[in-house]
Undergrad: 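If you scroll down you'll find the structure; I have some questions about it.
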Amino acid sequence: AAYLGISAVRVEGRAVRADLLAAAMTDVARRNEMARTTFALRAGHPVQLVHAATVVDVPEIDLRGTTLTDIELESEAIAAVLSTPFDIEAAPPVRLALLRTKDDESVLVAAAHHLLFDRQSFGILLAELSTVYEALCLGITPRRPLPTVQYGDFATWQNEQRDTGAWKPDLEFWRAH
C-alpha cells in the first residue's frame with residue numbers, strides 16, 4: 001500500500017448513480033492512457049503496455065442501515081479498493097468503489113498506483129471524472145478532444161531531459177542545498 005494513493009469523497013443530498021459513475025470512468029480511461037496502462041518486463045527491462053479502452057467496473061457496496069463511525073467507514077472504504085492487491089502487470093492502475101451509506105449519501109473511494117499517478121495527476125483524473133459524471137447526469141454526451149500529451153510522451157520527455165543533461169544545473173542546485 002506504500003505505492004498507492006487513496007482518495008475518498010462523501011456525496012450528500014443526492015443519490016450517486018453507479019451506472020453513470022462507471023460510464024464516466026470508462027470515458028475518462030478511454031481518453032487517458034495512464035488509466036489503462038500496465039507494465040511488464042521485456043528482456044529484463046520494464047515496458048509500458050497501453051491497453052484498449054474497456055468498460056470500467058465500479059463496485060457498489062451497500063452500507064445503508066449500518067451505524068458506522070467515521071473510522072469504521074474509512075476502513076470499509078480502504079478495504080473496498082485494496083481488498084485485492086494491485087498487480088501492475090495485469091490490472092488497471094486505478095480502482096473505484098461506491099459505498100452507499102444512505103439513500104441520498106455515498107462515499108466514492110478511489111485508489112491509484114503511484115507508478116502512474118502522483119497526487120496532482122490523481123486529482124486531475126478525479127476532477128475529469130466528476131465533470132464527465134455531471135454531464136452524464138444531465139443527459140449530455142461529453143465531447144472533449146483527446147489530450148495532446150499522454151503518459152508515455154511525458155516519460156519520453158523526462159528521459160530526453162536526463163540524457164541531454166538539461167536538468168544538470170537544477171540537480172546541482174538541489175544537491176548543494
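Just so you know, residue 1 is the first one in the sequence shown, and it goes up from there. Only heavy atoms go into these numbers, but all of them, side chains included; no hydrogens, no water, no symmetry mates.
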Undergrad: Looking at Pro145, is its backbone amide N or carbonyl O close enough to the side chain of Arg31 to form a donor-acceptor pair, meaning the two atoms are under 3.5 Å apart?
TA: yes
Undergrad: Flag the pair Arg14 and Glu134 as a salt bridge only when some basic side-chain nitrogen lies within less than 4.0 angstrom of an acidic carboxylate oxygen.
TA: yes
Undergrad: Please name the pair of heavy atoms, one in Ala111 and one in Ile6, separated by the smallest distance, quoted to 0.1 Å.
TA: CB-CG1, 4.1 Å
Undergrad: Just how far is it from atom OG1 of Thr164 to atom CG of Asn159, taken to the nearest 0.5 Å?
TA: 10.5 Å
Undergrad: Report yes or no: do Thr156 and Asp153 form a side-chain donor-acceptor pair below 3.5 Å?
TA: no
Undergrad: Report the distance from atom OG of Ser106 to atom CD of Glu60, rounding to the nearest 0.5 Å.
TA: 7.0 Å
Undergrad: Taking a hydrophobic cluster as the set of Ile, Leu, Val, Met, Phe, Trp and Tyr residues connected by side-chain heavy atoms closer than 4.5 Å, whether directly or through intermediates, do Val28 and Val9 fall within one such cluster?
TA: yes
Undergrad: Under the 3.5 angstrom rule, does the side chain of Glu72 hit a backbone N or O of Thr69 as a donor-acceptor pair?
TA: yes
Undergrad: Identify the two heavy atoms, one from Pro147 and one from Asn32, that lie closest to each other, and give their separation to 0.1 Å.
TA: CG-OD1, 3.8 Å
Undergrad: Does CD belonging to Gln120 count more than 12 external heavy atoms closer than 6.0 Å?
TA: no
Undergrad: How are the rings of Trp167 and Trp157 set relative to one another: parallel (under 30°), tilted (30 to 60°) or perpendicular (over 60°)?
TA: perpendicular
Undergrad: Could you pull out the closest heavy-atom pair between Leu99 and Val109, with the gap in Å?
TA: CD1-CG1, 3.7 Å
Undergrad: Indicate yes or no: at least one non-hydrogen side-chain atom of Ser75 is less than 4.5 angstrom from one of Ile78.
TA: no
Undergrad: Verify the cluster assignment for Phe154 and Phe39: are they in a single hydrophobic cluster under the rule of side-chain heavy atoms below 4.5 Å apart?
TA: no
Undergrad: Got Thr84 and Arg95 here, is their nearest side-chain heavy-atom distance under 4.5 Å?
TA: yes
Undergrad: Quick one: are Leu136 and Thr141 in side-chain contact, heavy atoms under 4.5 Å?
TA: no
Undergrad: Could you check if a side-chain atom of Arg144 sits within less than 4.5 angstrom of a side-chain atom of Asp27, using non-hydrogen atoms only?
TA: yes
Undergrad: What distance separates Leu126 CG from Ser130 OG, expressed to the nearest 0.5 Å?
TA: 9.0 Å
Undergrad: Is the closest side-chain heavy-atom distance between Tyr133 and Met25 below 4.5 Å?
TA: no
Undergrad: Clusters formed by hydrophobic residues whose side-chain heavy atoms approach within less than 4.5 Å: which one holds Trp174, and what are its other members?
TA: Phe173
Undergrad: As an exercise, state the distance from CG of Leu68 to CD of Glu74, rounded to the nearest 0.5 Å.
TA: 12.0 Å
Undergrad: Any donor-acceptor pair under 3.5 Å linking the side-chain atoms of Thr37 with those of Glu33?
TA: no
Undergrad: Could you give the distance from CZ (Arg64) to CG (Asp104), rounded to the nearest 0.5 Å?
TA: 10.5 Å
Undergrad: Does any N or O in the side chain of Arg36 come within less than 3.5 Å of the main-chain N or O of Arg30, such that one atom is a donor and the other an acceptor?
TA: yes
Undergrad: Nearest 0.5 Å please: distance from the CG atom of Asp57 over to the CG atom of Leu21.
TA: 10.5 Å
Undergrad: How close do Ala110 and Leu96 get, counting heavy atoms only, and between which atoms?
TA: CB-CD2, 3.3 Å
Undergrad: Closest heavy-atom contact between Phe86 and Val94?
TA: CE2-N, 4.2 Å
Undergrad: Run the side chain to side chain contact (heavy atoms under 4.5 Å, CB included) check on Leu82 and Leu4 step by step: do they pass?
TA: CA-CA 9 Å; Leu82 297 184; Leu4 303 174; 3.4 Å; yes
Undergrad: Identify the heavy atoms of Arg100 and Lys102 that sit nearest to each other, and give their distance.
TA: CG-O, 3.4 Å
Undergrad: Can you spot which of His113, His51, Glu89 makes a side chain to side chain donor-acceptor pair (under 3.5 Å) with Thr38?
TA: His51
Undergrad: Charged N to carboxylate O under 4.0 angstrom, Arg10 versus Asp70?
TA: yes
Undergrad: Show your reasoning for whether side chain to side chain contact (heavy atoms under 4.5 Å, CB included) applies to Val11 and Glu105.
TA: CA-CA 6 Å; Val11 180; Glu105 181 180 293; over 6 Å; no
Undergrad: Are the side chains of Leu98 and Val16 in contact, using a 4.5 Å heavy-atom criterion?
TA: yes
